[in-house]
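Per chain, numbering begins at 1; letters A, B, ... match sequence-line order.
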Protein chains: 2
Amino acid sequence: MGATKTEHFTDKQNAIAKLAKAMAHPARVAIIDYLLSVDTCICGDIVNELPLAQPTVSQHLKELKEAGIIKGSIDGTSICYCIDELAILEIQKYFEEISNNLNIKKNICC
Amino acid sequence: MGATKTEHFTDKQNAIAKLAKAMAHPARVAIIDYLLSVDTCICGDIVNELPLAQPTVSQHLKELKEAGIIKGSIDGTSICYCIDELAILEIQKYFEEISNNLNIKKNICC
DNA sequence: TATATTTATCGTAATATTGCAATAAAATGA
DNA sequence: TCATTTTATTGCAATATTACGATAAATATA
């Protein structure tokens, strides 16, 4: 008990849940916001932007990276993180599909 | 320690995180998929569709409802759940904005 | 080589989530 | 009223997440 029953759901359902989970924390949303706001996809001053300690930020970055939402490349002692378009596109299209689907149906009840 | 530091982030960041969190479990993605697949936004046979016990499904439905992603109306002994367009629209637009933003920038590094 | 800078990892405490059996609550029909 | 049906709630165990201090690892520079 306690662990998610991943094996009972489709690959797509698990994939969407994984992407959503990566965005399921305000600090990680803030990281994405910040990466969008800077011109050069700047590095570890993300820590200075967030009200969290460096290890905590590092952990959030790791989760975003593992979900495929950001990617990082080493640049000397610092690391340059930026958003991975593919993952964003995948989740964007998922919600777009739902939106379109809802428009066609036009809620029968509720 | 341990609890999310909600108060340090913007309302928008918290709102997006909350919606994403609601979708951060494959069972809840499956519920949305099912609600989209049925013509009449049918009720509690969601339990039969999912590989989870009734109390677990009820709990997932509650979380989706509290996040505003679904709404339910009582119909005799059963309850009719369906997707709330507004919440879907909000999260859809968020990811669309990111997508558009990324298209303009066209990744400088990484 | 020693030091500073930057990021990652470890260890741990606090809290949250997931899942289900048991049970309650609410409405219907006999 | 009493059983049936449907959904919600309670209580609890297992697991996951969040946060951070301490520390390690990696690279650059003096």
Side-chain angles (χ1 to χ4, degrees), chain A residues 1-9 13-14 17-31 34-35 41-67 70-82 109-110, chain B residues 1-9 13-14 17-31 34-35 41-67 70-82 109-110:
Chain A
M1 275 166 250
T4 296
K5 292 188 154 183
T6 312
E7 68 279 11
H8 293 307
F9 301 98
Q13 283 161 354
N14 282 313
K18 191 179 167 190
L19 288 171
K21 196 174 200 170
M23 299 296 292
H25 193 289
R28 297 197 288 269
V29 176
I31 289 171
Y34 180 70
L35 286 176
C41 53
I42 278 298
C43 335
D45 35 21
I46 296 170
V47 173
N48 298 317
E49 280 294 311
L50 295 184
L52 296 169
Q54 180 267 323
T56 311
V57 174
S58 184
Q59 200 177 286
H60 282 307
L61 286 167
K62 190 182 176 186
E63 269 160 73
L64 282 168
K65 196 163 67 180
E66 274 173 3
I70 63 172
K71 46 191 173 178
S73 61
I74 297 166
D75 174 29
T77 53
S78 57
I79 289 184
C80 174
Y81 279 115
C82 54
C109 64
C110 300
Chain B
M1 274 165 250
T4 296
K5 292 189 157 182
T6 312
E7 67 279 10
H8 293 307
F9 302 98
Q13 283 161 353
N14 282 312
K18 191 180 168 189
L19 288 171
K21 196 174 200 170
M23 299 296 292
H25 194 289
R28 297 197 287 269
V29 176
I31 289 172
Y34 179 70
L35 286 177
C41 51
I42 279 298
C43 336
D45 35 22
I46 296 171
V47 173
N48 297 318
E49 280 294 311
L50 296 184
L52 296 168
Q54 181 269 322
T56 310
V57 174
S58 184
Q59 197 178 288
H60 282 307
L61 286 167
K62 191 182 175 188
E63 269 160 73
L64 283 168
K65 198 163 65 178
E66 275 174 2
I70 64 172
K71 46 191 172 178
S73 61
I74 296 165
D75 174 28
T77 53
S78 57
I79 288 184
C80 175
Y81 280 115
C82 55
C109 63
C110 299

Start at the 5' end of DNA chain D and walk down; is the nucleotide closest to Ala53(A) or to Ile74(A) reached first?
Ala53(A)
If the condition is side-chain contact (heavy atoms from CB on, under 4.5 Å), which residues does Val57(A) pass it with, not counting sequence neighbours?
Ile46(A), Val47(A), Leu50(A), Leu52(A), Leu61(A)
Identify, residue by residue, the members of residues 18-30 of chain A with a heavy atom below 4.0 Å from DNA chain C, and return them in order of residue number, or none.
none
Output the distance between atom CE (Met23(A)) and atom CG (Leu64(A)), rounded to the nearest 0.5 Å.
7.0 Å
Using a 4.0 Å heavy-atom cut-off to protein, can you give one letter per nucleotide of nucleotides 5-11 of chain D, 5' to 3': B if the base is in contact, S if only the sugar-phosphate is, - if neither?
BSBBB--
Residues in side chain to side chain donor-acceptor pair (under 3.5 Å) with Gln13(B), at least two apart?
Asp33(A), Thr10(B)
What's the spacing between Glu7(A) CD and Asn14(A) CG if we round to 0.5 Å?
9.0 Å
Interatomic distance, Thr6(B) atom OG1 to Lys18(B) atom NZ [nearest 0.5 angstrom]
10.5 Å
What is the separation between atom CG on Asn14(B) and atom P on dT18(D), rounded to the nearest whole Å?
13 Å
Which residues share a side-chain contact (heavy atoms from CB on, under 4.5 Å) with Lys65(A), sequence neighbours left out
Ile70(A), Tyr81(A)
Without decimals, in angstroms, what is the distance between Leu52(A) CG and dT7(C) C1'?
16 Å
Pairs involving residues 43-60 of chain B, ordered by first then second residue, that meet salt bridge (Lys or Arg N to Asp or Glu O under 4.0 Å) (sequence neighbours left out):
none
Closest heavy-atom contact between Phe9(B) and Pro51(A)?
CE2-CD, 3.9 Å
